[in-house]
Asks: 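This is the structure I want to talk about, given as structure tokens.
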Amino acid sequence: MDYNFPEIEKKWQKYWVDHKTFKTTNDPSRPKYYVLDMFPYPSGAGLHVGHPLGYIASDIYSRYKRLKGFNVLHPMGYDAYGLPAEQYAIQTGTHPAVTTEKNVARYREQMDQIGFCYDWDREVKTCDPDYYKWTQWTFIQLFHHWYNNKTKKAEPVAELVRVFEMEGNSRVEASMTQNWFKELVKKDPSFDPEWDGIFTAAEWAAYTEKQQHDILMNYRLAYLSDAMVNWCPELGTVLANDEIANGFSVRGGHPVERKLMRQWFLRITAYAQRLLDGLETVEFSDSLIEMQRNWISRSEGAEIHFPIQGKEISLSIFTTRPDTIFGSTFMVLAPEHELIPVITAPDRREAVDQYLLMAKNRSERERMAEVKKVTGEFTGAYCLNPFNGKPIPVWVADYVLAGYGTGAIMAVPAHDSRDYDFAKHFSLPITEVVAGGDISVSSYDAKDGVMINSEFINGLQVKEAISTVIRRVNEMKIGKGTINFRLRDAIFSRQRYWGEPFPVYFKDGIAHTLDVSELPLRLPEVDAYLPTETGEPPLARAKNWTTKEGYPLETSTMPGFAGSSGYYLRYMDPRNDSEYFSKDAVNYWQDVDLYIGGDEHATGHLIYSRFWNKFLFDTGMSVKEEPFKRLINQGKIQGRSSLAYRIKGTNKFVSLGLKDQHDTTEMHVDVSMVDNDILDTAAFCSWRPDLAGSEFILEDGKYHCGYAVEKMSKSLYNVVNPDYLIEKYGADTFRLYEMFLGPLEQSKPWDTNGIEGVFRFIRKFWRLFHDDQNVFSVSDDAPDAAELRVLHKTIKKIQEDIERLSFNTAVSTFMICVNELTDLKCRKRAILSDLVVLIASYAPHIAEELWFLLGNSGSVSMSTFPEFKPEYLIENTFEYPVSFNGKTRFKLVLPTNLTVQEIEKAAMDAKESEKWLEGKPPKKVIIVPKKIINIVLG
RNA sequence: GCCCUGGUGGUGGAACUGGUAGACACGCAGGACUUAAAAUCCUGUGACUUCACGGUCGUGCGGGUUCAAGUCCCGCCCGGGGUACCA
């Protein structure tokens, strides 16, 4: 074998470990650069070819930055809590820690084969008590902070209590759940039922300890609350909004229902505006920023109070179109709205109750499936337009959601399609107030046009009308301009075993946090990983799950995103056991410069960790408001499935080109039995017992398979495993090929066939340094101009390509360079030495070996990226494409020092021009020096 | 429905700011070396047309701007992803 990669790759991998080549220290003398991969959940299946794509890209970038003189932090770890290990534990009794440990070892083994430059001394695992101690610590901080809307930051609850003691809460502007005091009053009869949530210093002092705690709970950034949650009976736990898709759990695909439960929440909504604003300062892809914007979804509008006819109460609605208030012909309440029992007329009671019952039993999924089905009921009540006193009927319907705005709307059928459908269905009047549409056909929703039928705003444009109405509403004190966010507070408890225990105990029904000195609160042993018979979470099975004093501990655990929300900070100082991370470490490393990972985390992890970081920023822990400066989403690698065609009802298979002559069914065959779309029929027959003795109808002696591009999955037999490829071609080839496949951010199909080309390249590269006998042989002759040109052209292109993360074109550039140097028969040290450094970040093993053979000591990773010298690229001639009317007709080589006039003359005089000019003078001649000559004819 | 992406040879893709479309690979065809195979090397390879020189067409479709459009503008079509009564 000419290039003995198995030996060479092992040798250098061992060298890196033995010499701790990639160990990173805080070194203020060098500029820092932090490159982070989204750490993986170690699943039992191991890595397939799609997983390392981003890791290879970040590895190349890290190595490149190091060669450019940066002190690079490039760590890796494991998002180790997760449902699969726990489901496996339920089925087999194996502790999830055991499964996780095994999977981690397998991941590590696979990653090590690829030759990554991680500093493994900084590895973190979210399930490690030394790590989750700080997850618990952060929770305690959240519990003891509230969000001050005046200062727009988190502040200690202890200080808030001092304010309460001095002056009550009337001047405090906190981020809180709407109508929090109504819930409190409902549950605790010791509060005045008419209480409005405001108290004086004297009243505060008079509250019992429990009352005080219950009030404070509503201020905390980590708080307990009864709320409608997404309950997944199959998994026995609640789920966050981003863990559900179309009414089913993302993990496992089990149905999810709504249920009222007491849960821990994180008040992420307090940060909604800052999370939105931060997106302006950060380099993420447009689509990711858009996804986050939509998820947070800010809408500006107004809250307006409509008095209820004949009652002393009013109905608050939220609208983004206050301009259309005179077009509101009915009101709609969500079925859960608290005013329904109060305002429903006696003769409508039965019908309304029946509707509420129906709406309640209708599951989330049914609602989603039947979006277009219009249902609702009239309450018999009327409210009055606050401007002109006109009565408007009040309806209840489940197309209005309780959780958004005030849970009530003013319906404007002429200018809202949902209201329009509702009005049509129940024959309610439709009043046009914005000119520009045709309301006999459909609603006119555009925010564009002139107001009509609208009293004091007639003739205004929509935009002016909106601000005019809001101003008037404020003046009349019948409401106010408001901003609503779609983002909900994050449900933070899970009724599962395999997660971080909450550092919380209950004393007389009041939640307290453990003292920081008692952390970590370790996950206890249990006899089974299932809920108890009374439906309590698995931790309730643990013996002595109490504090030293005997107070019961919280039995829920934290969700998956808890441990991943601040891991990038812990990497800065991962072995610190007295603090999360030191001031020195965070001041040096600051934030992540480049973050690479999948876009499936757009609305989960990436929002939570931005929130987490902002909170730590407020408390002075982290030093940057945004944790990730630049973020790249690598595309998915799709599988390329191979298909065979079975003649229906037989064991006869027909080759692709002939399948239309038969009645066939498609069958996925394992891609390992297929080479270049040709099926190994012998392997196929022994694949499964039922296929033994299969017959084949061949084309030119071969069985040609069809193919389909779909997701890489075991069930489609198209999974390609990196271990096999590395064994056959080596890690360097594998790395290069993953990059060569296409642009990092695009999804693309995997096709193992192409890897041969990269393998050929690697060996061709090796042969530049070796003679026919595979003996290392380079000369010390001075390089000539052509060779220097090739080298510096390559340096320039490689540098540009890495900077813009265009790794696929960089690989092509290496191929072109090696092809050209081979043609030039260049074996000169002066050229090849720089080339080795250039390629070192892409193909580190072969680079190390050649660097060593060139007589260097130490690792090529510690050398310096070659400097590009433009003087070697200066050309004195240029081959101009000469076009007539934009069509290239011939090429013309001209010296580069000609003036535009001289170029024009040369082009006109060229003998090929004669034919196209046909003796006539051209209308115009366009010359772009060193680009193009275009002659325009009449 | 709305938002974001993408659409270039048989395949993966290149062309970064409008300036020689198809770089670099794969595959395929032919050839060299070999007893043979593997490996390696060489040649060709968008379509149509021509003995050839050459010509015509060509970046999802239809228009437009420009000396010049894969690239910019307008209107569609198709694939992938997100989201869905959010008032």
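Just so it is clear: chains get the letters A, B, ... in the order the sequence lines come, proteins before strands, and each one is counted from 1.
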Asks: With rounding to whole Å, what would you report as the distance between B:rA21 and B:rA69 at their P atoms?
Replies: 10 Å
Asks: Please report the distance, rounded to the nearest Å, between CG in A:Leu288 and C1' in B:rC3.
Replies: 13 Å
Asks: When the P atoms of B:rC28 and B:rU11 are considered, how many whole Å apart are they?
Replies: 15 Å
Asks: How long is the line joining CE of A:Met291 and P of B:rC4, in whole Å?
Replies: 12 Å
Asks: When the C1' atoms of B:rG9 and B:rG75 are considered, how many whole Å apart are they?
Replies: 28 Å
Asks: Tell me the interatomic distance from A:Leu53, atom CG, to B:rG12, atom P, rounded to whole angstroms.
Replies: 17 Å
Asks: Using 30° and 60° as the class limits, which term best fits the ring planes of A:Phe318 and A:Tyr404: parallel, tilted or perpendicular?
Replies: perpendicular
Asks: Mind checking whether A:Phe765 and A:Phe814 have ring centres under 6.0 Å apart?
Replies: no
Asks: Dot-bracket for RNA chain B, 5' to 3', with Watson-Crick and G-U pairs under 3.5 Å, [ ] for crossing pairs and | for other-strand pairs: what is it?
Replies: (((((((..(((......[....)))((((((.......))))))((((....))))..(((((..]....))))))))))))....
Asks: Measuring only the C1' atom in each nucleotide, how far is B:rU8 from B:rG58? A whole number of Å is fine.
Replies: 10 Å
Asks: Can you tell me how the ring of A:Phe330 sits relative to the ring of A:Trp395, calling it parallel under 30°, perpendicular over 60° and tilted otherwise?
Replies: perpendicular
Asks: Give one of base, sugar-phosphate or nothing for A:Lys797, where a contact means two heavy atoms less than 4.0 Å apart.
Replies: base
Asks: Any idea how A:Phe890 and A:Phe884 line up, ring-wise: parallel (<30°), tilted (30 to 60°), or perpendicular (>60°)?
Replies: tilted
Asks: Within the structure, does a side-chain N or O atom of A:Ser299 lie under 4.0 Å from either OP1 or OP2 of B:rA87?
Replies: yes
Asks: Report each atom pair, protein N/O against N/O of nucleotides 54-59 of chain B, whose distance is under 3.5 angstrom.
Replies:
unit_1, atom_1, unit_2, atom_2, d
B:rU56, OP2, A:Arg889, NH1, 2.9

Asks: Restricting to nitrogen or oxygen on both sides, can you table the protein-nucleotides 25-30 of chain B pairs closer than 3.5 Å?
Replies:
unit_1, atom_1, unit_2, atom_2, d
B:rA25, OP1, A:Asn819, ND2, 2.6
B:rC26, OP1, A:Arg760, NH1, 2.4

Asks: Under 30°, 30 to 60°, or over 60°: which ring-plane class applies to A:Phe759 and A:Phe5, parallel, tilted or perpendicular?
Replies: perpendicular
Asks: By nearest heavy atom, map A:Ser297 and A:Asp286 onto RNA chain B; which one lands nearer the 5' end?
Replies: A:Asp286
Asks: Do A:Lys931 and B:rU20 have a side chain to base donor-acceptor pair shorter than 3.5 Å?
Replies: no
Asks: If you measure from CG on A:Leu716 to CD on A:Gln638, what distance do you get to the nearest 0.5 Å?
Replies: 12.0 Å
Asks: Could you state the atom-to-atom distance from CD1 of A:Ile926 to P of B:rG18 in whole Å?
Replies: 16 Å
Asks: Under 4.0 Å between a side-chain N/O of A:Arg767 and OP1 or OP2 of B:rC41, yes or no?
Replies: yes
Asks: Give A:Ser812 one of three labels, base, sugar-phosphate or nothing, depending on what nucleic acid heavy atoms sit under 4.0 Å from its own.
Replies: base
Asks: Just how far, in rounded Å, is C1' of B:rA84 from CZ of A:Arg293?
Replies: 19 Å
Asks: Syn or anti for B:rG9, given that syn means the glycosidic angle lies within 90° of 0?
Replies: syn
Asks: Could you state the interatomic distance from CH2 (A:Trp295) to CG (A:Leu275), rounded to the nearest 0.5 Å?
Replies: 13.5 Å
Asks: Pick the P atom in B:rG44 and in B:rA23, then give their distance to the nearest Å.
Replies: 12 Å
Asks: Give a yes/no on whether any side-chain N or O of A:Lys748 is located under 4.0 angstrom from OP1 or OP2 of B:rG12.
Replies: no
Asks: Whole angstrom is fine here: how far is it from CG in A:Leu744 over to C1' in B:rG13?
Replies: 15 Å
Asks: Sticking with atom P, work out how far B:rG60 lies from B:rU56, rounded to a whole angstrom.
Replies: 22 Å
Asks: To the nearest Å, how far apart are A:Asp416 CG and B:rG1 P?
Replies: 18 Å
Asks: Which value, rounded to the nearest 0.5 Å, describes the distance between A:Asn885 atom CG and A:Lys923 atom NZ?
Replies: 8.5 Å
Asks: Grab the CH2-C1' distance between A:Trp395 and B:rC85 for me, whole Å please.
Replies: 17 Å
Asks: Look at the side-chain N and O atoms of A:Arg763 and state whether any lies under 4.0 Å from the OP1 or OP2 oxygen of B:rU40.
Replies: yes
Asks: Here's a test of your reading of the structure: between A:Leu741 and A:Asp599, which maps to the more 5' nucleotide of RNA chain B?
Replies: A:Leu741
